[in-house]
Amino acid sequence: MAFRIAQISDTHLSAAHPEFSVNFEVLAAHLRATRPDLVIHTGDVSAHGETGPEDLRYARGRMDGLGLDWLAVPGNHDVGNDPALGGATAADATRLAHWREAFGPDRFLRDVPGWRLIGLDTLIMATDLPEAAAQFDVLEAALATAGGRSIALFQHKPLCEERMDETALTYWPVLPAPRRRMLELLARHPVAFVASGHVHQARDRGVSEGIRQIWAPAVAFLVGDTWQRRIGDKTPGYVEHALHADGRFESRVIHPEGLVPHDIGLLPEIYGPQQPVAA
Ligand SMILES: [Fe+2]
Ligand SMILES: [Fe+2]
């Protein structure tokens, strides 16, 4: 029997946005019916957790309402974004404390038959918070002590958009400096896959530059092609990872019936007007 993980992402929950809560409940009903062994949320659990703790508390309540075993790591809308990107809500100690009050730790380690699952907070990696250095130490130790288990990483931001050596500081992937540090560790301790969210597009490029990167689609909304380049499948859904004790695994995107593909570009009252992408 494979160990089945439902990787859900980008639920953007808030009492102020009932349309996203409806999508969450559609997904929740599907998960209660299919009963994965574990639900892993790869961030942007809340809609506006970076501006105050209310949405984080609301999102925590919804996750508990699943009635399933679950783990979560934060996204930029939960703890703020990479400070180097220059936005108004940079990840900092206060925002991290709000996450911890609502959800507990911002990373996790869980061993299941044949596998070690490691959840990382990709938003603090490029900060000078002591938790950033501590997390790299914990990651290195977790990789080094896996003892023959296959390893899967779960994080909000993908390692890269197209190539591991891209140098631009952009909104979507892990920034180049922490990416290099992660790649040094992963070169010594290969992982089976890196599962991420954030882009609101599903994508599985197979093994690229030595690492299998699996992107989960969002649950709450997509970003229409006017405002975001299409590089994957924007249909709302989640990813099921079936992990076998011998290290084999299958990952597939599932689209539960009833998820509404809201386009955030047409809902400017939620995150403001989106900027059109260059043609
Ligand atoms: Fe998101
Ligand atoms: Fe995000």
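In each ligand, atom 1 is the first atom listed, and ligand 1 is the first ligand listed.
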Write the atom name of the N, O or S atom in [X] that is nearest the Fe ion (ligand 2).
X: Asp44; answer: OD2
X: His156; answer: NE2
X: His198; answer: ND1

Is the distance between the Fe ion (ligand 2) and the nearest N/O/S atom of Asn76 smaller than 2.8 Å? yes

Is the centre of the His41 ring less than 6.0 Å from the centre of the Phe154 ring? no

Is there an N/O/S atom in His12 that lies less than 2.8 Å from the Fe ion (ligand 1)? yes

Look at the N, O or S atoms of His200, main chain and side chain alike, and state whether any lies under 2.8 Å from the Fe ion (ligand 1). yes

In Phe249, Phe193, Trp115, the residue satisfying ring-ring contact (aromatic ring centres under 6.0 Å, His included) with His241 is Phe193

What residue among His17, His12, His98, His77 forms ring-ring contact (aromatic ring centres under 6.0 Å, His included) with His48? His17

If you check every N/O/S atom of Asp10, which is the one nearest the Fe ion (ligand 1)? OD1

List the atom pairs, donor and acceptor, that lie under 3.5 Å between side-chain atoms in residues 128-141 and the rest of the protein, sequence neighbours left out.
| residue | atom | partner | partner atom | Å |
| --- | --- | --- | --- | --- |
| Glu131 | OE2 | Arg100 | NH1 | 3.4 |
| Gln135 | OE1 | Asp121 | N | 2.8 |
| Gln135 | NE2 | Asp121 | O | 2.9 |
| Glu140 | OE2 | Arg188 | NH1 | 3.1 |

Exercise: identify the closest heavy-atom pair between Val73 and Gln155: CG2-CA, 4.1 Å

Hits for side chain to side chain contact (heavy atoms under 4.5 Å, CB included) against Ala202, two or more places apart or cross-chain, chain-then-number order -> Pro217, Asp233, Val253

